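Working notes, beginning with the structure itself.
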Amino acid sequence: MITRRNAPGRTRTVSGRLAGGAFGLLLVAGPLALPAAAGTTRVVSYAGSAADWTVYHHDSLGSGVDTSGTSLSPVSAAWTSSALDGQIYGEPLEATGRVYVATEADTVYALAANTGTVLWSTTVGTPVPSGALPCGNINPTVGITSTPVLDPSLGEIFVVDDEFDNGVPAHVMVALNMYNGAVVLRQDVDPPGATTKALLQRTALTLDQGNVVFGYGGNDGDCQPYHGWVASVPEVGGPMATFEVDSGPGESQGAVWMGGAAPIVDASGNVWLAAGNGSVSSSAGPYDHSDSVLELTPSLALKQYFAPADWYNDNGHDRDLGSSSPALLPNGTIVQAGKSQTAYLLNQSPLGGIGGQESQMSICGGDVDGGNAVSGNVVYEPCESGVVAVSVSASPPTMTQLWQTPTGSGGPPIVAGGLIWTISQDGKLFGLSPASGTVVVQFSIGSVANHFPTPSVGDGLLLAPASDQVAAFQGPAGLPGPPAPAPAAPPRSSYWTVASDGGIFSFGNARFFGSTGAMPLNQPIVGMAPTADGGGYWLVAADGGIFAFGDAGFVGSTGAMRLNQPIVGMAPTPDGGGYWLVAADGGIFAFGDATFFGSTGAMRLNQPIVGMAPTADGGGYWLVAADGGIFAFGDATFSGSMGGVALTRPVVGIATTADGGGYWLVASDGGIFSFGDATFLGSMGGRPLNEPIVGMATTSDGAGYWLVASDGGIFSFGDAKFSGSEGGVPLNKPMVGVADVPNS
């Protein structure tokens, strides 16, 4: 099993959920070149609305009912997106004026709800080649198969991707910023001891009390031993809770897949699901919680269950009860149907155990696969031979089949605009009469990839997934307005990171002004510095070449000079009218209104210089060497150093307090050394890191700092707020520095 340190580039040194916000990325149409321009943030502001569709089949109960009052009479085609980079298996989601969809190429997209154009796209991993799996029916790659889930209050979209990690399939939960697509969190979510290539994460994701909940089954063909699993992972990352089906010695299967539907979460946070057939196929065998309806507590402990009296026979003949999701009705009953073509009416409390149904009836003449829709006491079941409407009475407990649509369309239905909407396997979107199931309106959307495609409704649009496109249909109100802007970030939550190719990554309210990510460079970028108002930044290369963006002015460089040693850093003057460059031998090059105060260029150094920092008034500067030696010039005050002290790892950077009365040094293991009035606020020293620390930046008030690792992982301390990182995201080049947005 592939294991990773949970949440690369995050820290637990601050209390509560770290909330940021913002416009961290220039929105572009088409695939996003992350290393050239990217942004990440934790956003708190957007509370959502009735017009949103944030989870599979609309809500935590999976009702499939649009409650926004959207009118779809008449309804007409609005737009069809461009072809995306892979097949779409999940249901489109909608919030903030954006349509969200994920593909089997491990790419997440946000489309403008008013036009269908791509606002951003982020590839979160390398999808697994189909040939690397023991069996299955998804081709040519397996990436994101399940429907994601949105949390608009946090501004995040969560997905679980299947990705190829050093030739081994692995499942990773990824949180992305809803506004710019940058990755906020990555966490390995493979169940303990699982054979990862035998698992398919098929169920949609849902939310439960701050946790992301989803299920695992096997690949089509059940070709290798696996177990059904339910997983619950904190939205902020952390320990994963699990429940295992068929957990006994020698047992296997019991898939939690439900035709792509999400686990149901009730008002108490309890989780309801249906499990498929297990490996026990004899009445003499022990019951293994397969072929069942299960209720779990929020912590995923088993609370109660139901299984048909002949559950073992279902197991032996691949008659999954769990090919669809439980339908929880407001009258206290449950309807569950699966491949056995039998619908069971259950009591929500108690479920009844083995053979404890209230009643049962034959249904539809085919498999029931996927999520259903529940409107009042009527359940619309996704039967492969055509959607079936079932009326339910609690007293006496009975079910009555009202109709089966003559269209033959059996895709998971939803209820919106007074019609039942379903997608057929031949790519037709039907609007059915709730009274009879007959066709009121239909559209062709083209071929579909998913065996159980399901439409959705958001912001007044009816959305339908085709094979690699999304089709949108509008009612009489017409198209929605433009996408909502990203909310503002809170103080001390904005920063940039820079890679050695000059790629810029923006977080919080840090604006993207440009980069050298796509330019050929004579020498790699080694650092950056922001302007005083945060309206621009400079990048400096190892040859002293300067690249100015935003309101940063170019006032000279050493790009054309022959240097004794490479440039290792830079610092701007307070008014932004100049800057200093420092070389590895401590040579100083001053440009614009930057004054030369001295250097170590002619001194014999024990270790090379690795960085510099200016005083608050621009009347001096400090240089720091790899051994922690400090050299102060101008009005910079020497407050101590690590020179002569044995270090576990070399020093890689320096940052100063707001008043210039002290400074911090950071080593490559994240160890922090504080001097003068600099307060120690925490470090990564002694903790395992995926990659070494390469730099640090302080907040504007000097009461916090961020560390950045070469993989883009961010660690925040004091009042520095975590707004995201590139930790765990493939980078073209390693990260080399971090800079705060002044007065943010």
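Small disclaimer: the values here were computed from a predicted structure and weren't measured. Numbers here simply count residues along the sequence, with the first being 1.
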Go through the side-chain N and O atoms of Thr107 and Thr123 and say whether any donor and acceptor fall under 3.5 Å apart.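 Short answer, yes.
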
Residue pair Ser73 / Ser71, side-chain donor-acceptor N/O under 3.5 Å: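 Note: Ser73 and Ser71 side chains miss the donor-acceptor criterion.
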
Out of curiosity, [X] [atom1] to [Y] [atom2], how far, rounded to the nearest 0.5 Å?
X: Leu539; Y: Met528; atom1: CG; atom2: CE; value: 5.5 Å
X: Ser467; Y: Ile88; atom1: OG; atom2: CD1; value: 7.5 Å
X: Asn211; Y: Thr206; atom1: CG; atom2: OG1; value: 11.0 Å
X: Phe452; Y: Thr454; atom1: CZ; atom2: OG1; value: 12.0 Å
X: Thr67; Y: Asp59; atom1: OG1; atom2: CG; value: 7.5 Å
X: Asp188; Y: Met173; atom1: CG; atom2: CE; value: 11.0 Å

So which atom in [X] and which in [Y] form the shortest heavy-atom distance, rounded to 0.1 Å?
X: Pro412; Y: Tyr56; value: CB-OH, 3.6 Å
X: Phe513; Y: Gly536; value: CE1-N, 3.6 Å
X: Glu104; Y: Ile138; value: CD-CG2, 3.7 Å
X: Ala373; Y: Ile414; value: CB-CA, 4.2 Å
X: Val118; Y: Ser82; value: CG2-OG, 4.3 Å
X: Pro92; Y: Leu463; value: CB-CB, 4.2 Å

Side chains of [X] and [Y]: does their closest heavy-atom pair fall under 4.5 Å?
X: Trp706; Y: Ser716; result: yes
X: Gln474; Y: Val75; result: no
X: Phe214; Y: Val233; result: yes
X: Thr80; Y: Gln469; result: yes
X: Pro480; Y: Leu461; result: yes
X: Pro413; Y: Trp421; result: no
X: Ile423; Y: Pro465; result: yes
X: Leu176; Y: Val159; result: yes

Asp266 and Trp272: CA distance, side-chain angles, deciding distance, side chain to side chain donor-acceptor pair (under 3.5 Å) verdict: CA-CA 8 Å; Asp266 66 20; Trp272 301 75; 3.0 Å; yes

Given Asn270 and Ser268, is the side chain to side chain donor-acceptor pair (under 3.5 Å) satisfied, shown in steps? CA-CA 6 Å; Asn270 293 324; Ser268 299; 4.6 Å; no

Is there a donor-acceptor pair under 3.5 Å between the side chain of [X] and the backbone N or O of [Y]?
X: Glu163; Y: Asp106; answer: no
X: Ser725; Y: Gly727; answer: yes
X: Thr203; Y: Gly215; answer: yes
X: Tyr109; Y: Asp85; answer: yes
X: Trp53; Y: Glu91; answer: no
X: Asp151; Y: Ser153; answer: yes
X: Ser325; Y: Ala261; answer: no
X: Asp66; Y: Ala416; answer: no
X: Ser456; Y: His57; answer: no
X: Thr531; Y: Gly535; answer: yes

Using the side chain to side chain donor-acceptor pair (under 3.5 Å) rule, take Ser68 and Thr70 through it: C-alpha gap first, then chi angles, then the decisive distance, then the call. CA-CA 5 Å; Ser68 68; Thr70 295; 2.7 Å; yes

Check the pair Leu419, Leu432 against side chain to side chain contact (heavy atoms under 4.5 Å, CB included), reporting the backbone distance first and the verdict last. CA-CA 5 Å; Leu419 298 176; Leu432 309 177; over 6 Å; no

Answer yes or no: is there an ion pair linking Arg186 with Glu726, defined by an N-O contact shorter than 4.0 Å?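 Glu726 and Arg186: not salt-bridged.
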
Does the side chain to side chain contact (heavy atoms under 4.5 Å, CB included) test come out yes or no for Glu235 and Leu207, once each step is laid out? CA-CA 9 Å; Glu235 289 183 78; Leu207 299 179; 4.1 Å; yes

With a 6.0 Å cut-off on ring centres, are His171 and Tyr216 close enough? yes

Under 6.0 Å between ring centres, would you say that holds for Phe443 and Phe473? yes

Check the pair Val230, Leu273 against side chain to side chain contact (heavy atoms under 4.5 Å, CB included), reporting the backbone distance first and the verdict last. CA-CA 9 Å; Val230 185; Leu273 60 117; 3.6 Å; yes

Passes side chain to side chain donor-acceptor pair (under 3.5 Å), Gln201 versus Ser146? Steps please. CA-CA 7 Å; Gln201 201 284 293; Ser146 57; 2.6 Å; yes

Dump the intermediate steps for side chain to side chain contact (heavy atoms under 4.5 Å, CB included) on Arg98 and Leu119, then the final yes or no. CA-CA 8 Å; Arg98 296 164 175 81; Leu119 297 176; 3.7 Å; yes

Among Trp538, Tyr537, Phe512, the one residue meeting ring-ring contact (aromatic ring centres under 6.0 Å, His included) with Phe549: Tyr537

